[in-house]
Every structure is written in C-alpha cells, then in structure tokens.
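Numbers here simply count residues along the sequence, with the first being 1. Below, each value reflects all heavy atoms present in this structure, side chains not excepted, and no hydrogens, waters or symmetry copies.
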Amino acid sequence: MKKRYLSLIVAGLMAGCSATAPEPQVKQEFNYDLTKYNLDPAKAPAQNFDLSNWKITLPELATEGSKKGKALEIQKNELANTQTPYVHDKWFYTDPKTGAVVFVAPNEAPTTPNSKNTRSELRGMLAQKYDDPKNNFVVASHPDAAEYGAIGGQLKATLTVDQVSTSGNYKKNNAFAVVIGQIHGSDNEPLKILYRKLPEHQYGSLSWNYELNPVPELQDAVDGNGKKLRKDIRHDVFGKHNLRQGSADPVDGIQLGEMFSYEVNVKGDIMHLTFTKNPDSENPVTKTFEVDLVKGNYQGHDVDQGYQNDWMYYKAGVYNQCNTKKSSSDCEWRGMEAGDYAQASFYELELNQ
C-alpha cells in the first residue's frame, strides 16, 4: 500500500494482454476551461476534494488489519487526511494535467464479498462505525428518522468517463458498462447511474436504474419465468442503455472524455435527478427525473414496497460492471493494455448531508 502522493497516468500498469488484443479505446480530447473547479494537479485527492464523509474500496487485497485478504478499504479518517493524504498509484490518484480525481477498476481483481464486480468507489460515511444508524440517511417519512445521520441529502458530480471494457457479451447490458454514482439501501439500490459504450461506437449511453424493493421474504423470490422479482427498471438519459452489436451509434450520447454532470437530491420523500451534458458549454443539455421513494408499486410492479422503511447511503466513483462471469457480462481479462478496465475522472464531487 502506498501512502505517499504519486502523480502517475494509468497506462500499461498491469501485464497479461495478448499480442493480438485490440487497442484500448482512445479518450477524445476536449478543450475545457477547468479554472472554475480550482483543482491543483500537484495535490492529492483529499487536498482538492472534501473526502471527510467517505471511505473507499479499491480492487486489490488488503495485506494487513481486520480486512486482510479482502478488498482493500481505506477508512474515512485516513482518506480525508490532508497532511499525509492517501493516493493509490493504480486505482485512485490525481490526474497530473487536470487535477481531477481518477478512479480505475480492472475487469478482474479482488471484490467485496457480495459482488462479482471490481470497484474503486467511495461509500458515504456520516459516522465512524459502519453499523451505526447515524452512518446512513433516510427519507423524511421514515418512522424512526431521528435515529439516522441525515434526512435526504445531495450528491453533485462533474466528470468524464475515460474508459470502459473493450471485451464483453453484447447481449448483456452490463458488458461495456460502469456505474459512476449510486444510492444504496440495506439490500437494494433505489439509484444506479450507468455509462455504457460499445467498442465500435464513438458515443456511449448514460442511463439510471431504480431497483424494485420487495419485502424481505421476497428478496430472492422469482416469477414464473425464473426471473427475480427484485430487478432494475432502466431509464435512458442520453443514448440507449440496451444497444446490441450492429446497433447505430447513439449520437445523442456521450463520448469518452466528454464532460457531463449529475445531481442527486433527496428532499423529503422525493429523489430529484438532474443530468447535464457539456455543463460548462454555451448550450448544455439537461434532463430531469423525479421518483417518490415512499410510494412503492413502481411503474405498476406491486412487489415494490418503496424505500420508506429503509436506510441508504451515497456512492460515487467507478464500479466496473464487466467481469469474467458468463451470467453477468462475459467480459475478459486480457490486462490493462488491452483495455479491460473502467476509468472515470471527477472534476467536481460534493456530498451535502
């Protein structure tokens, strides 16, 4: 584990790609005025961003402590320390040109116990202890709202997606995809924000998911077709989430390296979503959505109980949806140089709770 600050570009960091592997996708160069973000390329992430209410999980094994042998976690006190700031030279570092904080996750690496997918991802921490109710937030009408750390809250991010896996099964929506923001509940996610780009396309698609939240005894139940009752309801923002091989390039989507922003604001019982493409341009494109997190029965799915009685927390960074499991995305692991990883650079990352 490296504790000192390193300014490195992730390129050829891991071996293992074949001689015939395709070249990784090239990030389009865009000329942005970054002065408004007040980022210093010579500083570590915690010196450019307020990380005081986050911890981070990284895609490698911890070698010491209580998490030894599991995916590496850097706790909030260490992550937010501006005197001896934490940086990982492969997975979490400052872009030496722009000052953005960069998150990287390969297709294959150590994962958290309940996931097949790797992540370089922040987890909101409103308290010191993971199991403290004050660590999480709830909606206003939660019956025990006073016991939790916050009622609602806001997450704002401005970023570019720089890379998604170049391998995967076109029939799987998780192939070529990365999650770059979430609200996670005790079991399910009322929000996942995803970017997906097919290897032959210039443009990728931005979408978001609402996961149905059944009562506990139905969390793993299936319908007559063997499909889980607990499933994601997908919503397109820019482009289309479910493109297949041979589909037209979604020119209304977002290119690698193209800036966009999202804002998630849970006020009262309502989740407000705002997505903006090219936010600092003369002609930004904005789309908004609202979800009542209490109502349940989402889009007529009577199995959904909503999230009134649940606790939640924000997540941000890179949660790579590509893994080598055929049931999920059927991606490959040919090494970083073959492009089998996900990467995003955040120019703004603000949690208000």
Student: Search all heavy atoms of Val104 against all heavy atoms of Met336 and return the closest pair with its distance.
Tutor: CG1-CE, 3.8 Å

Student: Which atom pair, heavy atoms only, marks the closest approach of Pro59 to Ala105?
Tutor: CG-CA, 4.3 Å

Student: Going by an N to O cut-off under 4.0 Å, is there a salt bridge joining Lys315 and Glu121?
Tutor: yes

Student: Please report the closest heavy-atom contact between Leu126 and Lys76, naming both atoms and the distance.
Tutor: C-NZ, 4.1 Å

Student: Are any non-hydrogen side-chain atoms of Val87 and Thr94 less than 4.5 angstrom apart?
Tutor: no

Student: Working to the nearest 0.5 Å, report the span between CD1 of Ile56 and NE2 of His88.
Tutor: 10.0 Å

Student: First locate atom CD of Glu348, then atom CG of Asn38, and finally report the distance between them rounded to the nearest 0.5 Å.
Tutor: 12.0 Å

Student: Looking only at the aromatic ring of each residue, does the gap between the centers of Phe238 and Phe275 stay below 6.0 angstrom?
Tutor: no

Student: Give the ring-plane orientation class for Tyr262 versus Phe346, where under 30° counts as parallel, over 60° as perpendicular and anything between as tilted.
Tutor: perpendicular

Student: Measure up the Tyr195 and Phe260 rings against each other and bin them: parallel (under 30°), tilted (30 to 60°), perpendicular (over 60°).
Tutor: parallel

Student: Quick one: is the NZ or CZ of Arg119 closer than 6.0 Å to the six-membered ring centre of Tyr319, and within 45° of its axis?
Tutor: yes

Student: Please check if the side chain of Asn278 supplies one atom and the backbone of Ser281 the other of a donor-acceptor pair under 3.5 Å.
Tutor: no

Student: Working to the nearest 0.5 angstrom, can you tell me the gap between Asn169 CG and Asn174 CG?
Tutor: 11.0 Å

Student: To the nearest 0.5 Å, tell me how far Gln353 CD sits from Leu155 CG.
Tutor: 8.5 Å

Student: Please table the atom pairs, donor to acceptor, closer than 3.5 Å between any side-chain atom in residues 207-219 and protein atoms at least two apart or in another chain.
Tutor:
from	atom 1	to	atom 2	distance (Å)
Tyr210	OH	Asp304	OD1	3.2
Tyr210	OH	Asp304	OD2	3.0
Glu211	OE1	Glu189	N	2.8
Glu211	OE2	Arg230	NH1	3.2
Asn213	OD1	Asn188	ND2	2.8
Asn213	ND2	Gly306	O	2.9
Gln219	OE1	Asn188	ND2	2.9
Gln219	NE2	Pro214	O	2.7

Student: Taking the basic N atoms (NZ, or NE/NH1/NH2) and the acidic carboxylate oxygens, is any pair closer than 4.0 Å for Asp330 and Lys172?
Tutor: no

Student: Output the distance between atom CG (Asp162) and atom CZ (Phe103), rounded to the nearest 0.5 Å.
Tutor: 11.5 Å

Student: What orientation do Tyr32 and Phe30 show, parallel under 30°, tilted 30 to 60°, or perpendicular over 60°?
Tutor: parallel

Student: Enter the distance from Ser205:OG to Asn173:CG here, rounded to the nearest 0.5 Å.
Tutor: 10.5 Å

